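Worksheet: the structure to be examined is printed underneath.
Computed from a predicted structure; not experimentally measured.
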Amino acid sequence: MRIRGTFVMLALTLPLLAATTACGELQEAQQGVQDAKEGIDRAQQGLDTAQSCAKATGLVSFTLNFSDPQRAAETARNKAEELGNLAEQTSDQALSEALLDMQRSAERVASGEVTIDNSAEWSQRKLDQAQRVLDICSGG
């Protein structure tokens with residue numbers, strides 16, 4: 001009788017042990033899937049930043065001709081809009097902030113606040129802002 005009871009207990013315990021092992025393997029597999037997803041997300045964010053940087057590099061290199069105030073204001077208005085759109089699209093916070101700084105600066109020209117008389121100071125600030133964007137994009 002005792003052997004029979006031990007055998008029954010063993011027969012009932014083996015499936016539980018197998019289920020426990022399978023549960024552990026399932027958890028490991030789920031963790032592997034989660035790790036892979038996080039890796040894909042990081043890669044996608046890096047791709048998004050690289051694409052934003054490619055656009056930003058071309059966008060921040062604009063120059064304005066302050067001897068034609070109407071044209072300078074129009075160009076600045078267009079660049080401000082493009083900078084704002086790109087800032088919204090990028091997932092990189094530092095790049096977004098740098099682009100928004102440039103947008104505000106371009107809006108000062110578009111509004112007429114910056115004229116040929118104070119354009120040298122604005123131009124130097126714009127160069128500094130453009131350099132900041134380039135530094136962010138190059139990892140510096």
Side-chain angles (χ1 to χ4, degrees):
M1 209 51 179
R2 244 181 163 185
I3 294 176
R4 188 177 199 190
T6 304
F7 182 71
V8 169
M9 184 62 88
L10 185 61
L12 292 174
T13 305
L14 283 176
L16 290 175
L17 288 173
T20 302
T21 302
C23 184
E25 290 172 0
L26 179 60
Q27 287 177 337
E28 286 179 29
Q30 287 174 331
Q31 185 61 47
V33 168
Q34 181 65 30
D35 292 347
K37 183 185 178 310
E38 289 172 4
I40 290 170
D41 290 345
R42 282 191 303 272
Q44 181 64 44
Q45 183 177 7
L47 180 60
D48 290 344
T49 299
Q51 290 172 338
S52 294
C53 279
K55 291 177 185 176
T57 300
L59 188 56
V60 300
S61 63
F62 71 95
T63 57
L64 299 176
N65 181 1
F66 286 98
S67 63
D68 184 350
Q70 185 175 357
R71 178 127 173 104
E74 180 183 323
T75 301
R77 191 172 6 269
N78 292 337
K79 293 300 177 182
E81 184 177 336
E82 291 178 59
L83 289 161
N85 290 338
L86 186 55
E88 288 177 7
Q89 292 172 1
T90 186
S91 57
D92 185 294
Q93 188 65 32
L95 179 58
S96 179
E97 289 174 13
L99 293 169
L100 290 173
D101 281 347
M102 288 199 74
Q103 178 190 28
R104 287 187 287 275
S105 182
E107 287 171 343
R108 289 182 55 220
V109 176
S111 72
E113 182 182 337
V114 178
T115 64
I116 197 165
D117 296 330
N118 59 1
S119 64
E121 179 185 325
W122 179 88
S123 295
Q124 183 57 54
R125 175 135 170 81
K126 188 253 180 205
L127 287 173
D128 293 343
Q129 291 170 325
Q131 187 61 52
R132 179 175 167 218
V133 168
L134 296 175
D135 288 347
I136 291 167
C137 288
S138 69

Value rounded to 0.5 Å, distance of CG in L64 from OG in S123: 7.0 Å
T75 side chain to A72 backbone, donor-acceptor under 3.5 Å: no
Shared hydrophobic cluster, V109 / I116 (ILVMFWY, side-chain heavy atoms < 4.5 Å): yes
Full working for side-chain contact (heavy atoms from CB on, under 4.5 Å) between V60 and Q129: CA-CA 8 Å; V60 300; Q129 291 170 325; over 6 Å; no
salt_bridge(D101, R104) N-O dist < 4.0 Å: yes
side-chain contact (heavy atoms from CB on, under 4.5 Å) between Q124 and D128, intermediate numbers included: CA-CA 6 Å; Q124 183 57 54; D128 293 343; 3.0 Å; yes
L127 vs Q131, side-chain contact (heavy atoms from CB on, under 4.5 Å): CA-CA, chis, key distance, verdict: CA-CA 6 Å; L127 287 173; Q131 187 61 52; over 6 Å; no
Step-by-step side-chain contact (heavy atoms from CB on, under 4.5 Å) determination, K79 to K126: CA-CA 12 Å; K79 293 300 177 182; K126 188 253 180 205; over 6 Å; no
Expected output: side-chain S138 to main-chain D135 donor-acceptor under 3.5 Å: yes
Euclidean distance, L95 CG relative to K55 NZ, rounded to 0.5 Å: 11.5 Å
Pairs flagged by side chain to side chain donor-acceptor pair (under 3.5 Å) wherever residues 59-72 is involved - sequence neighbours left out: N65-S67
Between CD1 on residue I136 and OG on residue S52, distance to nearest 0.5 Å: 11.5 Å
With A80 via side chain to side chain contact (heavy atoms under 4.5 Å, CB included) - residues at least two apart: Q103, A106, E107
Atom CZ of R125 with >12 non-hydrogen neighbours under 6.0 angstrom: no
E81, CD atom: more than 12 neighbouring heavy atoms under 6.0 Å: no
ILVMFWY cluster, F62 and L100 together (side-chain gap under 4.5 Å): no
Value rounded to 0.5 Å, distance of SG in C137 from CG in D92: 7.5 Å
